[in-house]
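Below: the structure, in structure tokens.
Residue numbering restarts at 1 for every chain, and letters A, B, ... go by the order of the sequence lines. Small disclaimer: the values here were computed from a predicted structure and weren't measured.
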There are 2 protein chains.
Amino acid sequence: MYSSELIKGTLKTIVLKLLAEHKKMYGYEITQMVKEMTKDKIQITEGALYPTLHALEAEGILITETEFIGKRVRKYYSLSPEGKKLTKEKLSEFADFMNTMKFLLDIKPKQA
Amino acid sequence: MYSSELIKGTLKTIVLKLLAEHKKMYGYEITQMVKEMTKDKIQITEGALYPTLHALEAEGILITETEFIGKRVRKYYSLSPEGKKLTKEKLSEFADFMNTMKFLLDIKPKQA
DNA sequence: TCCAATACATAAGAAACCAATGTATGTGAA
DNA sequence: TTCACATACATTGGTTTCTTATGTATTGGA
């Protein structure tokens, strides 16, 4: 686990990228996928995720569709057209930011 | 300028790294150096910097010495032994974090 | 049957930052 | 010489964003 301050500000970008790759996902699935992909180094809490998803939906970035698995509700999120545009912007901004930080902190790239 | 959420959580790491490289620096100097090095992409505000410096000093991470330039006070900060240790940890954590994010967001490294 | 996992959600509070403001000195151009 | 800008410190109030805790309900496995 990273110190919590580091992860701040990256949640939105992570969510958007995952949705861009997987078309549609539900909240719990997102938390589990991030946990797996990062080998528990990044854990998205539900208290952080759900409010973010709701906010992005309210902004028209995400679209939802509800599905019933037995009696249990599952709420799928996917990117709206504006969402796809925003995702590209966020990702390129993040890549730029990482290069800037790498330069600023003089971090050597890992051997490929 | 990056969207402000991105920069969150990186301030402490940036300050520690700059102090490790330059032995001693004062607050205003730090803001200007970051501004220059990042070509205005990252601007550290004084409202964020000074409280951080004070906190790090209170924790024993930073040591201060005051100097007078004419009638004007200048407060130099440098790393304590604990500060040097913490800096190494923070930098390696950040490097690790960047690799994790690069993988998660599937970001291709820039050509050298 | 009962605990863990699945799956949603909210609410209270903390952490970290931003914007604004304040004080004071030094400096260069009109 | 005066006035705007740069240097250099600092604090305060508010916002954003996340954490911790809690709540509800269903489902699956030991």
Side-chain angles (χ1 to χ4, degrees), chain A residues 1-16 18 24-36 40-59 61-62 64-77 90 94 97 101, chain B residues 1-16 18 24-36 40-59 61-62 64-77 90 94 97 101:
Chain A
M1 279 289 288
Y2 301 116
S3 60
S4 77
E5 45 182 40
L6 264 191
I7 301 168
K8 292 201 177 175
T10 59
L11 176 58
K12 210 184 281 182
T13 308
I14 291 172
V15 168
L16 292 176
L18 287 183
K24 72 176 194 178
M25 294 182 80
Y26 54 99
Y28 186 77
E29 189 183 13
I30 293 174
T31 66
Q32 297 308 302
M33 183 167 283
V34 171
K35 193 172 132 104
E36 261 183 54
D40 292 27
K41 284 178 179 176
I42 298 179
Q43 302 244 25
I44 294 181
T45 61
E46 292 169 292
L49 180 62
Y50 289 119
T52 299
L53 289 174
H54 299 163
L56 289 172
E57 186 187 3
E59 289 170 47
I61 309 296
L62 299 183
T64 57
E65 38 183 319
T66 299
E67 200 173 283
F68 275 88
I69 308 294
K71 283 183 184 173
R72 189 147 60 187
V73 181
R74 188 181 281 174
K75 208 162 152 192
Y76 278 99
Y77 290 86
K90 283 269 169 203
F94 193 85
F97 175 66
M101 286 301 291
Chain B
M1 279 288 287
Y2 300 117
S3 59
S4 77
E5 44 181 41
L6 265 192
I7 301 168
K8 291 196 180 182
T10 60
L11 177 58
K12 210 185 281 183
T13 308
I14 292 172
V15 168
L16 293 176
L18 287 183
K24 71 176 196 180
M25 295 181 79
Y26 54 99
Y28 186 77
E29 189 183 13
I30 293 174
T31 66
Q32 296 308 302
M33 182 166 285
V34 171
K35 193 172 131 103
E36 261 183 54
D40 292 26
K41 283 177 178 176
I42 297 179
Q43 301 244 24
I44 293 182
T45 61
E46 292 169 293
L49 180 62
Y50 288 118
T52 298
L53 288 173
H54 299 163
L56 289 173
E57 187 188 1
E59 289 170 47
I61 308 295
L62 299 184
T64 58
E65 39 183 317
T66 299
E67 200 173 281
F68 274 87
I69 308 295
K71 283 182 186 173
R72 189 148 61 186
V73 182
R74 186 180 281 175
K75 207 161 151 192
Y76 278 99
Y77 291 86
K90 283 269 169 204
F94 194 84
F97 174 67
M101 287 301 290

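In this view, B:F94 satisfies the ring pair (Phe, Tyr, Trp, His ring centres under 6.0 Å) rule with no residue, not counting sequence neighbours. In this structure, B:Q43 has no side chain to side chain donor-acceptor pair (under 3.5 Å) partners at least two apart in sequence or on a different chain. Applying the ring pair (Phe, Tyr, Trp, His ring centres under 6.0 Å) rule to B:Y77 yields no partners; only residues at least two apart in sequence or on another chain are considered. Not counting sequence neighbours, B:Y28 has no partner by the ring pair (Phe, Tyr, Trp, His ring centres under 6.0 Å) test. With sequence neighbours excluded, the residues satisfying side chain to side chain donor-acceptor pair (under 3.5 Å) with B:E5 are A:K90. Annotation: side chain to side chain donor-acceptor pair (under 3.5 Å) contacts of B:K12 (sequence neighbours excluded): none. Partners of A:F97 by ring pair (Phe, Tyr, Trp, His ring centres under 6.0 Å), not counting sequence neighbours, listed by chain and number: B:Y2. Shown here are the side chain to side chain donor-acceptor pair (under 3.5 Å) partners of B:T64, two or more places apart in sequence or in another chain: B:E57.
Within residues 67-74 of chain A, the residues that have a heavy atom under 4.0 Å from DNA chain D are, in order of number, A:I69, A:G70, A:K71, A:R72.
A:H54 places its NE2 atom 15 Å from the P atom of D:dC18, with the value rounded to the nearest Å. In this entry the distance linking CE of B:M33 with P of D:dA6 reads 19 Å, nearest Å. Across the protein-nucleic acid pair, A:Y77 atom OH and C:dC8 atom P stand 7 Å apart, rounded to whole Å. The separation between B:I14 atom CD1 and C:dA16 atom P is 15 Å, rounded to whole Å. Rounded to whole Å, the distance from CD on B:E5 to C1' on C:dA15 is 16 Å. Rounded to whole angstrom, the span from the CD atom of B:E59 across to the C1' atom of C:dA15 amounts to 13 Å. Remark: P of D:dG28 and OH of A:Y28 are 14 Å apart, rounded to the nearest angstrom. Rounded to whole Å, atom C1' of D:dC18 lies 14 Å from atom CD1 of A:I42.
Considering only the side chain of A:Y50, C:dT10 comes nearest among D:dA8, C:dT10, C:dC17.
Atom-to-atom distance recorded for B:M101:CE and A:T10:OG1 is 4.5 Å, nearest 0.5 angstrom.
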Just list the side-chain donor-acceptor pairs under 3.5 Å for residues 46-54 of chain B, sequence neighbours left out, or say none.
residue	atom	partner	partner atom	Å
B:T52	OG1	B:A48	O	2.8
B:H54	ND1	B:Y50	O	3.4

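Put simply, A:Y26 has a side-chain N or O that comes within less than 4.0 Å of OP1 or OP2 on C:dA7.
Side-chain contact between B:I14 and B:I30: absent, with no pair of heavy atoms (C-beta onward) separated by less than 4.5 Å.
Comparing the start and finish of the helix from C:dT1-D:dA30 to C:dA30-D:dT1, five pairs each, the helix axis swings through 20°, to the nearest 10 degrees.
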Close N or O pairs between protein and nucleotides 19-24 of chain D (under 3.5 Å):
residue	atom	partner	partner atom	Å
D:dT19	OP2	A:T45	OG1	3.4

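When the nearest nucleotides of DNA chain D are assigned to B:Q32 and B:K75 by heavy-atom distance, the more 5′-ward of the two goes with B:Q32.
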